[in-house]
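These notes are about the structure you will find just below.
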Amino acid sequence: MADITISLPDGSKRILPAGASGADLAADIGPGLAKAALIVSVDGIQRDLAGPLDDGASVAVITADSDAGLHTLRHSTAHVLAQAVLDLWPGATYAIGPPILNGFYYDFELPDGATFSADDLEAIDARMREIIAADQPFERFETSASDALGLFAGHRFKQEIIERVTAGEAGSEMAGEMAATAPQGGTAAGVISCYRNGDGFIDLCMGPHVPSTGRLGHFALQTVAGAYWRGDEGQPMLQRIYGTAWASRKELAGHLHRLVEAEKRDHRRLAAELDLVSWPEALGPGLAVWHPKGAIVRKQIEDYSRARHETGGYDFVFSPHIAKAVLWETSGHLDFYADSMYPPMEVDGASYYPKPMNCPFHVLIYDSGQRSYRDLPLRYFELGAVYRYELSGAIHGLMRSRGFTQDDAHIFCTREQVAAELASLLEFTLSVLRAFGFDDFQAKLSTRPTEKAVGDQELWDMATDGLREALSTAGLSYVVDEGGGAFYGPKIDVDVTDAIGRPWQLSTIQLDFNLPERFGLEYVGSDGGRHRPVMIHRALMGSIERFFGVLLEHYAGAFPTWLAPEQVRVLPVAGEHQGYAESIVERLVADGFRASVDPADEPLGKRVRAGKVAKVPHVLVVGGDDVANGTVGENARGADSPERDLPLDDFVERLADEVDAKR
RNA sequence: GCCCGAGUAGCUCAGUUGGUCAGAGCAGGCGCCUUGUAAGCGUCAGGUCGUCGGUUCGAAUCCGACCUCGGGCUCCA
């Protein structure tokens, strides 16, 4: 039999006997790799280790070190979860169970509408570990759609998937998905692939999978949740189990530890601990009140935003919280956004809606007079409070609320001005975000939807090119969401990455070809003719409340000094030093700093601790020596040890520098 | 909205099978202590056990409804 030649990623070649599998290749390279190998990538297509390799193929052996390997590990663990559930609940059926970030889930429907309870997870976990201990091989086989329908008799979700896959070949929406994902398993068109492990467990799956269940085990089942089939409220509610899975015990422990850490910086917990914000039940879900310490931080954020807009070419405007139905009819909100609006108040025979957006008001301001091309661009800025009727289950602290304030602006410009306007706007956006300590950005460009869209193609192209240019000028990496734009215009969304690596979508820059049309906006051009302006919606922080929440989590409550609610706390060592402490605070407050005295009613150690726990950036201790010499003992937040005998003037200068530098 | 889970002092929690189970620590008030760097001592006050109904001789505990909060509701075979 002729040998086959395989190319490896490093460019080297290996000769193997004909019929050799990925596992054989891994073993040929070395015993360590043989043990670690999970799947192979053959000419860029992921496959099981067990399958034979073709002569001349480029093959990479994939281990759990790579994302692809981890994905496979999680995907296979999801299968074991399904096997365990089907073992334990006779009559249960299963839907889908993909790998996700850090883990996996699987959706089930239990007989007679039964639901999982949190206690069930323990039994499922135990059964999964038995399956893993049995080291059952994952065996792939392929079949026709009609045979597959028989194989999954009684499992309606699997049958639906098979039907969709089959229909997909005729060119439905599913075809695109399959085309995009087929390389994962290398399934030929018209063939349904399945995996069998254990005595009778079979799942419909593209694969690939790890060689056997024994390769799994570092997992934890996490939560039970309801999830609609295909994410559609009109579809049945399935029972979803989430889990996390890793290549080693250590990585699993690390992940669980990170979850605990993330919980510690949960903004809702910190908001309560630091006395910043609360959500009194009497207000209703998704509505918060700002306590003095939270409010002063928010004020710093807003003041900074206003100052930047004031020097950034914006005009300030204000608009009311409610408006008559006719405004929302004209803007179209009542057509496509009514579900998210609070119901109207009836006053004097008219219906007034709380505003979910500020744009129509700004449009009216534009429309309050005749505009010349010489006036453009016009940039209207408002910290506008809006109210949106979010689903009660979607509400989440300050991150998703029913009342919030946008750092909102609308720019009205000519078509010719769009590109330049976008470029400077993106620079402006990043500059503002950087001031708050974010420097890791990721952008998304959303382009023209394939179906309905308003505005001519030329306009879309120009605006989309403008956005693209702005992104490259700013040196921002971005992904393109083809067809992901709204019907009324393309947009850029900007994510920041926080201190523990989580992305938050903050900024959005959105072209709008629709509202100017609906409101019949015009300007007089240099040709004397009337033209339609282009409108740009933009928010940098998005929601001030949410931005505050993101900052709170980013800094784990330890706001930089310029934002900190309490910048300096002065602790007199004993009662006799109270006067000196007060004189320091007086001076600091006069200079515009936020400072207070914590009197000597408690032992110094206790007060120092209280200052640290409150995350005050500077805790000053002043005693007899300091009174005599005009000095302070400085405890900088995060410093290991105090700095004694620091001249007060030096401290104030340092503090001022720190605040100026926004540190 | 829908699925699962949770609601006991301001906060974190304990309360065994329904029968002194209404408790603790921290925070708060008041005294004492006058402190040189991460919790001094004493004392007082605080709760309709989320709300409303029901079962029971008796409910924080069991049942139902409601309210609020938390997690989830396509990262897609």
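To find a chain, count down the sequence lines: A is the first, B the second, and so on, and within it residues start at 1.
- In this structure the side chain of Gln442(A) never reaches within 4.5 angstrom of the side chain of Val494(A), judged on heavy atoms.
- The listed nucleotides are rA77(B), rG36(B), rA38(B); the one nearest the side chain of Arg609(A) is rA38(B).
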Report task. Encode nucleotides 64-70 of chain B as B, S and - characters from 5' to 3', where the letter depends on protein heavy atoms closer than 4.0 Å: B to the base, S only to sugar-phosphate, - to neither. Result -> ---SSSS
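- The separation of rG10(B) from rG47(B), taken at their P atoms, amounts to 8 Å, rounded to a whole angstrom.
- Remark: Arg240(A) fails to qualify as a cation-pi partner of Phe108(A) under the 6.0 Å distance and 45° angle criteria applied to the six-membered ring.
- Taking the six-membered ring wherever Trp is involved, the centroid distance between the rings of Phe157(A) and Trp229(A) falls below 6.0 Å.
- Looking at heavy-atom distances under 4.0 Å, Ala272(A) makes no contact with the nucleic acid at all.
- Nucleotide rG72(B) holds its P atom 12 Å from the CG atom of Leu101(A), rounded to whole Å.
- The side chain of Ala225(A) lies closest to rG72(B), out of rC4(B), rG72(B), rG1(B).
- Here the separation of rC30(B) from rC69(B), taken at their C1' atoms, is 36 Å to the nearest Å.
- When the nucleotides rA39(B), rA77(B), rG72(B) are ranked by their closest atom to the side chain of Tyr242(A), rG72(B) comes out on top.
- Counted by atom type alone, Asn102(A) and Thr244(A) present zero donor-acceptor pairs between their side chains at under 3.5 Å.
- By the 6.0 Å contact criterion, CG on Asp335(A) is enclosed, its count of non-hydrogen atoms from other residues, nucleotides or ligands being greater than 12.
- Phe104(A) does not carry Arg74(A) over the face of its six-membered ring by the limits of under 6.0 Å from the centre and within 45° of the normal.
- For rC73(B), the paired base is rG1(B) (Watson-Crick or G-U wobble, both distances below 3.5 Å).
- The same atom, C1', is picked in rG36(B) and in rG29(B); the two are 28 Å apart, to the nearest Å.
- The distance from atom CD of Gln222(A) to atom P of rC3(B) is 23 Å, rounded to the nearest whole Å.
- As a whole-Å value, the separation of Asp107(A) CG from rC3(B) P is 16 Å.
- Glu602(A) comes within 4.0 angstrom of a nucleotide base, judged by non-hydrogen atoms across all strands.
- Summarising the base pairing, rU51(B) is matched to rA65(B) through a Watson-Crick or G-U wobble pair whose two defining distances lie under 3.5 Å.
- When the C1' atom of rG36(B) is taken as reference, atom CG of Leu571(A) falls 11 Å away, rounded to whole Å.
- Residues Gln239(A) and Asp107(A) bring no donor and acceptor atom of their side chains to less than 3.5 Å of each other.
- If you measure from atom OH of Tyr228(A) to atom P of rC2(B), you get 7 Å, rounded to the nearest angstrom.
- Rounded to whole Å, the separation between the C1' atoms of rA39(B) and rG46(B) comes to 22 Å.
- Listed nucleotides rC73(B), rG36(B), rG40(B) differ in distance to Val573(A); the shortest reach to its side chain belongs to rG36(B).
- Using the Watson-Crick or G-U wobble rule with both distances under 3.5 Å, rG18(B) pairs with nothing in any strand shown.
- Remark: rG42(B) base-pairs with rC30(B). Criterion, Watson-Crick or G-U wobble with two distances under 3.5 Å.
- A heavy atom lying under 4.0 Å from RNA chain B marks the following residues of residues 613-626 of chain A, by number: Val621(A), Gly623(A), Gly624(A), Asp625(A), Asp626(A).
- Atom OH of Tyr389(A) and atom P of rG1(B) are 5 Å apart (whole Å).
- The separation between Glu273(A) atom CD and rA27(B) atom P is 14 Å, rounded to whole Å.
- Side-chain atoms of Glu142(A) and Ser193(A) form no donor-acceptor pair, as typed in the model, at a separation below 3.5 Å.
- Mapping Gly575(A) and Gly393(A) onto RNA chain B by nearest heavy atom places Gly393(A) at the nucleotide closer to the 5' end.
- Backbone-only contact: Ala227(A) has heavy atoms under 4.0 Å from sugar-phosphate atoms and none from a base.
- Of the candidate nucleotides rG40(B), rG1(B), rU37(B), rG1(B) has the atom lying nearest to any side-chain atom of Glu233(A).
- Counting heavy atoms from C-beta on, the side chains of Tyr94(A) and Lys158(A) come closer than 4.5 Å.
- Nearest-nucleotide mapping onto RNA chain B: of Val608(A) and Phe116(A), the residue sitting toward the 5' end is Phe116(A).
- Separating the P atom of rC66(B) from that of rC3(B) is a span of 10 Å, rounded to the nearest Å.
- When heavy atoms are screened at a 4.0 angstrom cut-off, Gly605(A) is found touching the sugar-phosphate backbone but no base atom.
- Comparing the C1' positions of rA24(B) and rG71(B) gives an interatomic distance of 30 Å, to the nearest angstrom.
- Between Met237(A) atom CE and rC4(B) atom C1' the separation is 10 Å, expressed in whole Å.
- Figure legend: cation-pi geometry between Lys444(A) and Tyr478(A) absent, as NZ or CZ is not positioned both under 6.0 Å from the six-membered ring centre and within 45° of its axis.
- Among the protein residues, Asp203(A) comes within range of no part of the nucleic acid, since none of its heavy atoms lies under 4.0 Å from any strand.
- Regarding the sugar-base torsion, rG18(B) falls in the anti class, its angle being beyond 90° of 0.
- For Asp601(A) and Arg607(A), the salt-bridge test fails: no basic side-chain N is under 4.0 Å from an acidic carboxylate O.
- The six-membered or imidazole ring of His267(A) lies away from that of Phe548(A), with a centre-to-centre distance of 6.0 Å or more.
- A heavy atom closer than 4.0 Å to some atom of RNA chain B occurs in no member of residues 64-82 of chain A.
- At least one test fails for Arg402(A) against the ring of Trp279(A): distance under 6.0 Å to the centre or angle within 45° of the axis.
- With P as the reference atom, rA59(B) and rG42(B) are 38 Å apart, rounded to whole Å.
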Query - Intermediate values then yes/no, ring-ring contact (aromatic ring centres under 6.0 Å, His included), His71(A) and His75(A) - result: CA-CA 6 Å; His71(A) 259 242; His75(A) 189 188; 8.9 Å; no
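- Between His255(A) and Trp246(A), the ring-plane angle classifies as tilted under the 30° and 60° cut-offs.
- To the nearest whole angstrom, the two P atoms, one in rU48(B) and one in rC2(B), are 31 Å apart.
- Within 4.0 Å of Lys612(A), counting heavy atoms only, lies at least one base atom of the nucleic acid.
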